Amino acid sequence: MNRDRIPTILAAVMLSFTAIACSKPTAPVTSGDLEKLAAARERNQQQEALSLARSMYMELLDTGSRIRGDLETLGELHRQWEAEILALLSTEDGRFLTAEQGDVVSFRSYVQTMKAVTQSSLEVMTSELNALTGPAKEIIDSGAIAGTPDPELSIRLAALENRVKSTLEPYLETVPAMQAMLATAKQRGVRGESTLQQAVDALNYADAQDRTTQVEAARKAAEAEVTAKLAEAEQALVRARGEQQLQALMAEESHLRDRMQADALKARASSPDTLKRLEPFVTKAAMSLQTPRPFVYQWQRVRTETRPLSFSAIAGHKALEPTEDGLRYLHEIANSTQNDRPAWPIASTKEHWDWVRENQTLLRELGTTLVELGHLDP
């Protein structure tokens with residue numbers, strides 16, 4: 001053996017012994033280790049569930065915040081509508097609009113088509129929002145999140161948000177348009193002689209008179225047609241020979257007379273002018289009129305579909321009696337704040353009440369036909 005290699009061999013042997021001495025067997029996995037792993041996994045899952053639940057609660061509160069912002073905007077626009085727009089009917093600023101007939105027509109159109117919300121409706125929607133978001137806010141503030149929120153909360157919040165937005169949209173369009181119209185009228189600097197209320201009443205009365213003229217013309221045309229056809233039937237009777245032919249022609253005449261009268265009634269009841277006059281009753285809407293006993297009536301919301309008013313309910317309130325009280329009852333129904341149909345002009349003069357009386361006569365004469373045609377409920 002080469003003596004020079006001895007130190008190298010000894011070093012290799014020492015390294016082998018060191019490696020053997022340092023190496024240890026892997027410790028076996030115990031049940032305690034498995035329990036620790038399971039506990040850690042469960043804590044992670046709980047943390048993830050808590051984080052998800054918190055994010056869902058925060059999303060509910062974000063939706064509530066959007067709705068609250070829309071409600072605040074709606075409240076401010078509602079205040080402007082009542083305090084600035086409707087007030088023009090009696091203020092000096094309103095006289096700027098009466099200087100131009102087109103502005104009066106536009107103002108009336110805006111007011112008639114505007115579906116304004118009531119203060120009580122605003123309060124109801126605000127209370128509903130608080131009821132839906134209040135518990136979620138308390139849970140977030142307390143940190144005591146025990147699970148995800150009830151899915152019904154999201155559904156109800158979404159429904160409320162849609163309702164608020166649909167209520168807000170007319171205000172967002174109408175209020176700025178009315179303000180712009182008033183600003184333009186002020187720039188012209190000319191005031192009319194009458195108040196805006198007087199100008200609107202005059203416009204309504206003129207329209208009502210025009211519709212009366214048109215209805216009368218239509219009635220006369222229908223009567224002329226009936227007369228001509230009856231004359232033809234009478235001539236046929238004169239020319240008839242034999243009792244059998246005579247009886248047949250007489251029966252045909254009677255049938256024709258009845259049919260012509262029915263057709264004339266239907267023509268009157270279906271005419272645009274008649275339906276325009278009776279808008280507070282024939283328009284399909286959500287509120288229905290109930291008369292549990294004479295002189296007592298109440299409004300009730302129809303949940304399934306929009307319907308016209310009931311003819312029997314109107315009659316049950318004695319609103320078709322040809323008396324001053326009957327006229328007043330009919331005017332009261334047409335202009336009730338709970339009737340969500342177009343209202344009549346407020347009657348304040350003899351001419352106005354004569355117009356209401358004409359409409360009452362229309363309802364008495366055409367009521368059954370209007371029910372038959374579906375323009376009124378039974």
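It should be emphasised that the depicted structure is a prediction, and the values quoted were computed from it without experimental measurement.
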Any carboxylate oxygen within less than 4.0 angstrom of a Lys/Arg side-chain nitrogen, looking at D70 and R163? no
Full working for side chain to side chain contact (heavy atoms under 4.5 Å, CB included) between L309 and R341: CA-CA 10 Å; L309 289 186; R341 298 164 181 83; 3.5 Å; yes
Would you mind reporting whether L196 and S90 have side-chain heavy atoms less than 4.5 Å apart? no
Is there a side chain to side chain contact (heavy atoms under 4.5 Å, CB included) between H352 and V356? Walk through the geometry before answering. CA-CA 6 Å; H352 295 168; V356 174; 5.7 Å; no
R68, CZ: over 12 other non-hydrogen atoms inside 6.0 angstrom: yes
Charged N to carboxylate O under 4.0 angstrom, K284 versus D377? no
Are side-chain heavy atoms of E365 and R268 found at a separation under 4.5 Å? yes
Minimal non-hydrogen separation, A208 against W355, with atom names: CB-NE1, 2.8 Å
Is the shortest heavy-atom distance from the side chain of L363 to the side chain of L376 under 4.5 Å? yes
With a 4.0 Å cut-off, would you call K318 and D325 a salt bridge? no
Pair E223 + K220: basic N to acidic O under 4.0 Å: no
Other residues, nucleotides, ligands: >12 heavy atoms within 6.0 Å of E152 CD: yes
Smallest separation among heavy atoms of A286 and T306, with atom names: N-CG2, 4.2 Å
Looking only at heavy atoms, the pair that brings P308 and G374 closest together is CG-O, 4.0 Å
Salt bridge check, E372 against K266: does any charged N sit closer than 4.0 Å to a carboxylate O? yes
To the nearest 0.5 Å, how far apart are CD in E321 and CG in L327? 11.0 Å
Taking K350 first and then D354, would you say they form a salt bridge - that is, a charged N and a carboxylate O separated by under 4.0 Å? yes
Can you tell whether the side chains of E169 and K115 come within less than 4.0 Å, N to carboxylate O? no
Residue pair L122 / T118, side-chain heavy-atom distance below 4.5 Å: no
In sequence, state the C-alpha distance, the side-chain angles, and the governing distance for W81 and M114, and then conclude on side chain to side chain contact (heavy atoms under 4.5 Å, CB included). CA-CA 10 Å; W81 174 258; M114 175 69 173; 3.6 Å; yes
Are E84 and R79 close enough for a salt bridge, meaning some N to O gap below 4.0 Å? yes
Can you name the closest pair of heavy atoms from Y171 and V117 and give their distance? OH-N, 2.9 Å
Using the benzene-type ring in the case of Trp, are the ring centres of W344 and F281 under 6.0 Å apart? yes
Step through it carefully: locate the ring centre of W353, locate the ring centre of H331, and say whether they are under 6.0 Å apart. yes
Cluster overlap Y205 with L89, hydrophobic side-chain contacts below 4.5 Å: no
Following the transitive rule for hydrophobic clusters with a side-chain heavy-atom cut-off under 4.5 Å over Ile, Leu, Val, Met, Phe, Trp and Tyr, establish whether V190 and F107 coincide in one cluster. no
With side chains defined as the heavy atoms from C-beta onward, is the minimum distance between V111 and T174 less than 4.5 Å? no
Hydrophobic clustering (ILVMFWY, side-chain heavy atoms < 4.5 Å, transitive) - are M178 and V105 grouped together? yes
Can you tell if the side chain of T133 reaches within under 4.5 Å of the side chain of L60, non-hydrogen atoms only? no
Can K276 and E279 be counted as an ion pair, charged N to O under 4.0 angstrom? yes
Rounded to the nearest 0.5 Å, what's the gap from CG on L71 to CD on E161? Could you check? 10.0 Å
Checking R188 against F96 for the side chain to side chain contact (heavy atoms under 4.5 Å, CB included) test, could you report, in this order, the C-alpha distance in whole Å, the side-chain angles of both residues, the deciding distance, and whether it holds? CA-CA 8 Å; R188 291 196 300 264; F96 284 111; over 6 Å; no
Determine the minimum heavy-atom distance between A199 and S194, stating which atoms define it. CB-OG, 4.0 Å
Walk me through it: do D201 and R108 pass the test salt bridge (Lys or Arg N to Asp or Glu O under 4.0 Å)? CA-CA 10 Å; D201 288 344; R108 184 185 67 170; over 6 Å; no
Minimum-distance pair of heavy atoms, taken over all atoms of M125 and L74: CE-CD2, 4.0 Å
Evaluate the side-chain proximity of L160 to L132: yes if any heavy-atom separation is below 4.5 Å, no if none is. yes
Are side-chain N/O atoms of S288 and Q290 paired as donor and acceptor at under 3.5 Å? yes
Is a salt bridge present between K229 and E232, judged by a nitrogen-to-oxygen distance below 4.0 Å? no
Rounded distance (nearest 0.5 Å) linking atom CG of L61 with atom CE of M56: 12.5 Å
Let me see the working for Q198 and E193 under side-chain hydrogen bond (donor to acceptor under 3.5 Å, both in side chains), right down to the final yes or no. CA-CA 10 Å; Q198 292 169 333; E193 295 181 358; over 6 Å; no
Once rounded to the nearest 0.5 Å, what's the spacing between atom CG of L320 and atom CZ of R364? 7.0 Å
Can you tell me how far CD1 of I333 sits from CH2 of W299, rounded to the nearest 0.5 angstrom? 6.5 Å
Is Y110 reachable from L172 through a run of I, L, V, M, F, W or Y residues, each pair having side-chain heavy atoms under 4.5 Å apart? yes
Rounded to the nearest 0.5 Å, how far apart are OG1 of T98 and CG of D103? 9.0 Å
Would you call R328 and E324 a salt bridge, taking side-chain N to carboxylate O under 4.0 Å as the test? no
Side chains of S270 and L373: does their closest heavy-atom pair fall under 4.5 Å? yes
Hey, is the main chain of A319 close enough, under 3.5 Å, to the side chain of Q360 for a donor-acceptor pair? yes
